[in-house]
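FYI, the numbering just counts along the sequence from 1.
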Amino acid sequence: TSELTAVIDDREVARGEKAHALVHLAAIQRIQGDADKASQTIEKALEFSADSTPARLQQLLISIDKGVGSAARMQLDALK
């Protein structure tokens with residue numbers, strides 16, 4: 001995760017690349033069982049790239065992990 005954090009913190013890295021790194025970091029956090037932290041991270045990714053399909057997919061998976069079915073359903077519909 002330190003390499004991802006370095007990319008995220010680097011001012012010379014493009015916004016899209018930062019969003020991509022944030023998506024990967026959120027996936028790691030989610031897999032490690034920290035859905036709340038993953039949710040915060042994916043929100044940052046969406047700030048950099050609001051139309052990122054990978055970010056939206058991670059957001060859906062986080063909602064499923066958190067047991068928030070209504071949010072997951074809306075996110076799934078938005079991915080279609």
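Put simply, L46 and F48 are part of two different groups of oily side chains (I, L, V, M, F, W, Y) that touch within less than 4.5 Å, one to the next. Note: the hydrophobic cluster containing I64 also contains L76 (ILVMFWY, side chain heavy atoms under 4.5 Å, direct or indirect links). At a threshold of 4.5 Å between side-chain heavy atoms, the hydrophobic network of Ile, Leu, Val, Met, Phe, Trp and Tyr places L61 and I31 in two separate groups.
In this structure, V68 and S70 have side chains that are in contact, with non-hydrogen atoms separated by less than 4.5 Å.
In plain terms, the two heavy atoms of Q58 and R30 that are nearest each other are OE1-NE, 3.0 Å. S63 and Q75 get closest at one heavy-atom pair: OG-OE1, 2.8 Å.
Here L25 contributes atom CG and T41 contributes atom OG1; the two are 5.0 Å apart, rounded to the nearest 0.5 Å. The CG atom of L4 lies 9.0 Å from the NE2 atom of H20; values are rounded to the nearest 0.5 Å.
With hydrogens and angles disregarded, a donor-acceptor distance shorter than 3.5 Å links the side chain of T5 to the backbone of T1. The backbone N or O of D10 sits less than 3.5 Å from a side-chain atom of K18, completing a donor-acceptor pair.
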Apply side-chain contact (heavy atoms from CB on, under 4.5 Å) to Q59 and E43, showing your working. CA-CA 8 Å; Q59 189 178 45; E43 289 301 322; 3.1 Å; yes
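Shown here are the salt bridge (charged side-chain N to carboxylate O under 4.0 Å, His left out) partners of K66, two or more places apart in sequence or in another chain: D36. Legend: residues meeting salt bridge (charged side-chain N to carboxylate O under 4.0 Å, His left out) with D34, ordered by chain and number and at least two apart, are absent. Not a single salt bridge (charged side-chain N to carboxylate O under 4.0 Å, His left out) links R56 to another residue, sequence neighbours left out.
I62 shares a hydrophobic cluster with V23, I42; the chain of contacts runs through ILVMFWY side chains whose heavy atoms sit under 4.5 Å apart. With a 4.5 Å cut-off between side-chain heavy atoms of Ile, Leu, Val, Met, Phe, Trp and Tyr, the cluster of V7 takes in V13.
Pairs of residues two or more places apart, or lying in two chains, never qualify as ring pair (Phe, Tyr, Trp, His ring centres under 6.0 Å) while including a residue from residues 61-80.
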